[in-house]
**Q** 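A single structure is presented below for examination.
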Amino acid sequence: MTIGIFSAARAARAAVAVRGEGAVPSVERLTGQDMQALKDRAKALFIIDVVSHATGIPAAEILSSSRNHAGAARARQVAMYLAYITYQWPLARIGAAFKRDRTTAGHACRLIEDLRDDRRFDLELDKLEACLKNAPEPLAIVC
């Protein structure tokens with residue numbers, strides 16, 4: 001799901017509705033920390049969509065809590081790594097945005113960093129990183 005012209009709160013609410021993650025409190029009752037968590041989740045979903053497009057693995061599989069599909073797990077690790085590199089998020093923030101533990105995010109980042117020794121893999125990650133860095137920030141227009 002791309003963010004487009006939706007505000008972060010609206011994008012997060014739409015993502016919750018589409019992905020069945022539970023209810024989101026009304027925007028009026030959100031604290032600053034809650035708003036940041038929603039914005040982080042929206043960015044994580046955007047990263048997952050970019051990785052999904054690049055790998056051909058459906059976003060739903062990348063988001064899955066199951067570990068039985070190695071390709072989806074690797075794509076999820078790439079997405080976490082891209083959040084770490086592109087946005088310089090700490091591991092706890094990555095874990096929260098991807099609905100995983102911070103230690104899982106750390107494992108993903110170490111694993112993908114080791115895989116960057118492969119020149120082709122490194123070039124592909126550079127392209128994805130450039131794509132994310134050049135993506136526009138969400139507009140503050142509420143639709």
Side-chain angles (χ1 to χ4, degrees), residues 1-27 29-139 142-143:
M1 161 179 273
T2 56
I3 296 174
I5 61 170
F6 296 103
S7 70
R10 181 153 177 155
R13 293 179 101 164
V16 165
V18 169
R19 297 201 167 97
E21 296 173 357
V24 174
S26 70
V27 175
R29 288 185 278 161
L30 292 175
T31 65
Q33 191 175 17
D34 291 336
M35 281 299 292
Q36 187 60 51
L38 287 174
K39 289 177 184 179
D40 288 353
R41 181 65 175 164
K43 271 192 177 180
L45 293 173
F46 177 68
I47 295 168
I48 287 170
D49 284 341
V50 169
V51 171
S52 173
H53 179 75
T55 62
I57 297 171
E61 287 185 30
I62 296 171
L63 286 166
S64 171
S65 60
S66 172
R67 291 186 281 175
N68 60 359
H69 187 288
R74 178 58 46 88
R76 186 170 43 252
Q77 291 165 344
V78 166
M80 288 182 188
Y81 177 78
L82 287 169
Y84 182 72
I85 294 300
T86 306
Y87 302 122
Q88 286 112 31
W89 286 355
L91 296 176
R93 188 173 175 184
I94 294 168
F98 284 86
K99 306 237 184 243
R100 297 292 194 278
D101 189 71
R102 68 172 174 77
T103 59
T104 302
H107 173 73
C109 292
R110 287 188 301 277
L111 185 77
I112 298 303
E113 186 63 43
D114 289 344
L115 291 174
R116 289 197 88 157
D117 291 339
D118 177 2
R119 181 172 158 67
R120 285 184 19 213
F121 186 78
D122 186 51
L123 289 172
E124 293 301 316
L125 277 180
D126 283 344
K127 289 177 193 176
L128 290 174
E129 187 180 345
C131 177
L132 292 170
K133 283 185 177 178
N134 291 319
E137 288 295 317
L139 301 176
V142 177
C143 297

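Residue numbers start at 1 and run along the sequence shown. Since the structure is predicted, the reported quantities are computational estimates derived from the model, not experimental observations. Values reported hereafter were calculated over all heavy atoms of this structure, with side chains retained and with hydrogens, waters and symmetry mates removed.
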**Q** Can you confirm whether Glu113 sits close enough to Tyr84 that some side-chain heavy atom of one is under 4.5 Å from a side-chain heavy atom of the other?
**A**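 Of all side-chain heavy-atom pairs linking Tyr84 with Glu113, none is under 4.5 Å.
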
**Q** Please examine the side chains of Lys43 and Trp89, heavy atoms only from C-beta on, and report whether any two atoms are closer than 4.5 Å.
**A** yes

**Q** With heavy-atom distances below 4.5 Å as the criterion, would you say the side chains of Leu132 and Phe46 are in contact?
**A**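 Yes, close enough: below the 4.5 Å cut-off.
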
**Q** Salt-bridge test for Asp126 and Arg116: reply yes if a basic N is under 4.0 Å from a carboxylate O, no otherwise.
**A** yes

**Q** One pair to check against side-chain contact (heavy atoms from CB on, under 4.5 Å): Leu45 and Leu63. What are the steps and the verdict?
**A** CA-CA 9 Å; Leu45 293 173; Leu63 286 166; 3.9 Å; yes

**Q** Heavy-atom distance under 4.5 Å between the side chains of Leu111 and Arg74, does that happen here?
**A**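 Heavy-atom side-chain distance check passes, below 4.5 Å.
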
**Q** Atom CG in Leu128, atom OG1 in Thr55: separation rounded to 0.5 Å?
**A**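 Answer for the CG-OG1 pair, Leu128 versus Thr55, is 9.0 Å.
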
**Q** Under the 3.5 angstrom rule, does the side chain of Arg100 hit a backbone N or O of Ile94 as a donor-acceptor pair?
**A** no

**Q** Are more than 12 heavy atoms, taken from residues, nucleotides or ligands other than His69, located less than 6.0 Å from that residue's NE2 atom?
**A**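 Yes - once you tally the heavy atoms of other residues, nucleotides and ligands closer than 6.0 Å, there are more than 12.
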
**Q** How far apart are the closest heavy atoms of Ser52 and Ile57, and which atoms are they?
**A** OG-O, 2.6 Å

**Q** Look at the side chain of Arg41 and the backbone N and O of Ala37, then say whether any donor-acceptor pair between them is shorter than 3.5 Å.
**A** no

**Q** Apply the test side-chain contact (heavy atoms from CB on, under 4.5 Å) to residues Ile112 and Phe121: give CA-CA distance (whole Å), side-chain angles for both, the deciding distance (0.1 Å), then the verdict.
**A** CA-CA 9 Å; Ile112 298 303; Phe121 186 78; 4.0 Å; yes

**Q** Are Leu82 and Glu129 close enough that some pair of their side-chain heavy atoms sits under 4.5 Å apart?
**A** yes

**Q** Side chains of Gln77 and Leu115, heavy atoms from C-beta outward: is any pair under 4.5 Å?
**A**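 Contact flag for Gln77/Leu115 side chains = no.
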
**Q** When you compare the side chain of Thr104 with that of Phe98, does any pair of heavy atoms fall below 4.5 Å?
**A**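 Sidechains of Thr104 and Phe98: no contact.
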
**Q** Return the NE2 to CG distance between His107 and Leu91, rounded to the nearest 0.5 Å.
**A** 12.5 Å

